[in-house]
Amino acid sequence: MKIILKDVTLLNPDQKLNEKKDLLIEDGIISKVGGLKEEDYENSAVYDFAGKYCVPGLFDMHVHLREPGREDEETIETGSNAAAAGGFTEIACMPNTTPDIDSAEIVRYIKEKSKNHLVEVYPVAAATKKRQGEAISPMFELYEAGAVGFSDDGAAIKTAAVLKNALEYSKMFNVPIIEHCEDETLADGAMNEGITSTILGLPPLPSVSEDIIVIRDILMAEYTGGKVHIAHISTKKAVELVRWAKERNINVTAEVTPHHFTLTDESLKTYDTNFKMSPPLRSAEDVEAIIEGLKDGTIDCIASDHAPHSIEEKEMEFIYAPNGILGLETELGLAISELVHKKRITMEQLVEKLSINPRKILNLPVPQFKAGEAANLTVIDPDLIWTVDVSKFKSKSKNSPFDKKLLTGKAVAVINKRKMYYEDKFIDI
């Protein structure tokens, strides 16, 4: 099948490309970039994307798919559908499933279940056996099966000694240890420690809990030469520590979620459990530091930490409700609305953080706009105004604090693996 993306602006900072061109795709392969002739239009499906950007397919490196074990909350298929609807062609799924992703069999199971979907799923395997932090997982076996990184997400690797071993082993494969930075001795709280937690009478979780593990991990990365990736960074001090590490060429990268650059702990005054996160929502000062970190490159990428939960769980009393929210279907809209349109970062920087840098961190190839390359792309309308409606989400769960929020900017099409998602339908191309 031949399709033409007409009058679209091709934007790929990795190629230093920002130019309006027509794109011809035949049987899922880019055939021509610009210079189309009359005969190219014969028997082609033409999509007029004037005023829109075509970028390398978006990549979310921090997603919870819940399968195996909690298919009532999300499955590999429904999570992948949500990713496509949000503009993502590839995602990395985290290991805190039931059982944990700590065996080659589970890695292969996830790869097999996702192989026929437009969205490519890359498993992140457990860094330690059963994510208990006591002994490293069979890393070589997991890597050979298809794992692209290692993490005990939901908790930090328990001790410096185990972290040291994990970093030394992961160096052999040039993949990161992805850390949920939280000191477990300070983690028994329901929200950020501050004036708001005092007013609300909720048990506090201090920001220093994150900072302690961030500096431990930075120093261990420096010592071993391994790669550490700080997941869902949320504090001003943590941003400063990552900036300090990068100035010294320590192999450390970081990601941030949209909820941590758009919301503060003031949001919890309604006691709505959809605002309960891990790490928790922080202060306005932290949010400003995060945005500055995105602007100056301290924070490498944006990731959703997409965390589906059942309605029954989220309707528990606040202190007992699970942490986490959906993110795949609002991530791009929040980033364009809050960062690009408010001129905090450029569209080029956004593409770096949502497409290019995640792949480089995970040692994966960045899609290119070149003849002969497989078409792996996202078409974005930066000016499309839309209202979030969780009832229409492709995710199996509905736990989002952004329901009914007005956003500007949305993905209108994605193409990958000889499939296209457009106007709410999957099309073979």
Side-chain angles (χ1 to χ4, degrees), residues 58 60-64 74 79 82-83 86-88 91 94 153-154 180-182 189-192 194 196-197 202 205 207 210 230-236 238-239 254-294 299-309 314 318 321-342 344-345 350 353-354 358 388 390 393 395 397-410:
L58 303 186
D60 190 325
M61 67 176 292
H62 195 135
V63 172
H64 298 272
E74 195 77 285
F88 295 88
I91 58 177
M94 303 308 285
D153 191 44
H180 176 124
C181 294
E182 193 171 61
M191 68 170 293
N192 182 54
T196 307
S197 66
L202 290 171
L205 201 163
S207 59
E210 179 170 318
I230 308 300
H232 41 54
I233 197 167
S234 72
T235 74
K236 178 181 179 181
V239 174
E255 72 187 40
V256 68
T257 70
H259 46 273
H260 284 115
F261 63 70
T262 59
L263 301 171
T264 71
D265 54 3
E266 297 259 331
S267 303
L268 275 70
K269 287 182 176 178
T270 61
Y271 291 95
D272 182 348
T273 58
N274 284 321
F275 290 95
K276 190 182 182 200
M277 327 285 188
S278 180
L281 298 177
R282 304 290 189 184
S283 70
E285 185 180 13
D286 292 308
V287 171
E288 184 58 30
I290 282 167
I291 294 173
E292 284 301 315
L294 282 164
I299 300 173
D300 302 86
C301 55
I302 297 168
S304 66
D305 194 10
H306 178 83
H309 290 293
K314 273 295 190 179
F318 194 94
N323 295 305
I325 64 167
L326 302 179
L328 282 166
E329 294 173 74
T330 53
E331 182 173 0
L332 179 61
L334 287 165
I336 294 174
S337 298
E338 298 295 325
L339 299 175
V340 177
H341 285 306
K342 292 185 178 180
R344 304 308 300 267
I345 65 173
L350 184 72
K353 294 175 193 304
L354 277 173
V388 178
V390 297
F393 276 9
S395 173
S397 295
K398 306 300 175 192
N399 53 304
S400 171
F402 298 111
D403 191 31
K404 304 302 182 286
K405 184 174 178 65
L406 197 68
L407 297 176
T408 304
K410 199 175 195 296

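Here the structure is a predicted model, which is why all the values come from computation and not from measurement.
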I need the [X] [atom1] to [Y] [atom2] distance, nearest 0.5 Å.
X      : Y      : atom1 : atom2 : answer
Asp305 : Glu255 : CG    : CD    : 7.0 Å
Ile345 : Ile291 : CD1   : CD1   : 9.5 Å
Leu268 : Thr196 : CG    : OG1   : 8.5 Å
Asp265 : Ser207 : CG    : OG    : 10.5 Å
Asp272 : Ser267 : CG    : OG    : 9.5 Å
His64  : Leu326 : NE2   : CG    : 11.5 Å

Using every non-hydrogen atom in the two residues, find where [X] and [Y] come nearest and quote the distance to one decimal.
X      : Y      : answer
Met277 : Pro401 : CE-CG, 4.4 Å
Glu338 : Arg344 : O-CG, 4.0 Å
Ile325 : Asn274 : CG2-O, 2.9 Å
Phe261 : Ala335 : CZ-CA, 4.0 Å
Pro280 : Asn192 : CB-N, 3.6 Å
Phe318 : Tyr271 : CD1-O, 3.6 Å

Between [X] and [Y] (side chain of the first, backbone of the second, donor and acceptor by atom type, cut-off under 3.5 Å), is there such a pair?
X      : Y      : result
Lys314 : Ala321 : no
Ser337 : Leu334 : no
Lys353 : Ile302 : no
Thr257 : His260 : yes

Would you say that [X] contacts [Y] through its side chain, given a criterion of any heavy-atom pair below 4.5 Å between the two side chains?
X      : Y      : result
His309 : Lys276 : no
Met191 : Leu281 : no
Cys301 : Met61  : yes
Phe402 : Leu263 : yes
Ile336 : Thr408 : no
Glu182 : Leu205 : yes
His180 : Ser278 : yes
Glu331 : Leu354 : yes

Walk me through whether His306 and Ile91 qualify under side-chain contact (heavy atoms from CB on, under 4.5 Å). CA-CA 11 Å; His306 178 83; Ile91 58 177; over 6 Å; no

For Ser234 and Asp286, what are the C-alpha separation, side-chain angles and deciding distance, and is it a side-chain contact (heavy atoms from CB on, under 4.5 Å)? CA-CA 7 Å; Ser234 72; Asp286 292 308; over 6 Å; no

Evaluate the side-chain contact (heavy atoms from CB on, under 4.5 Å) criterion for residues Arg282 and Ile290: first the C-alpha distance (whole Å), next the side-chain angles of each, then the deciding distance (0.1 Å), finally the verdict. CA-CA 11 Å; Arg282 304 290 189 184; Ile290 282 167; over 6 Å; no

Verdict with supporting geometry, Glu74 and Ser397, side chain to side chain donor-acceptor pair (under 3.5 Å): CA-CA 7 Å; Glu74 195 77 285; Ser397 295; 5.8 Å; no

When the ring planes of His62 and His232 are compared, do they come out parallel, tilted or perpendicular, using 30° and 60° as the limits?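 His62 and His232: tilted rings.
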
Are Glu292 and Lys236 ion-paired here, with the side-chain N under 4.0 Å from a carboxylate O?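 No.
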
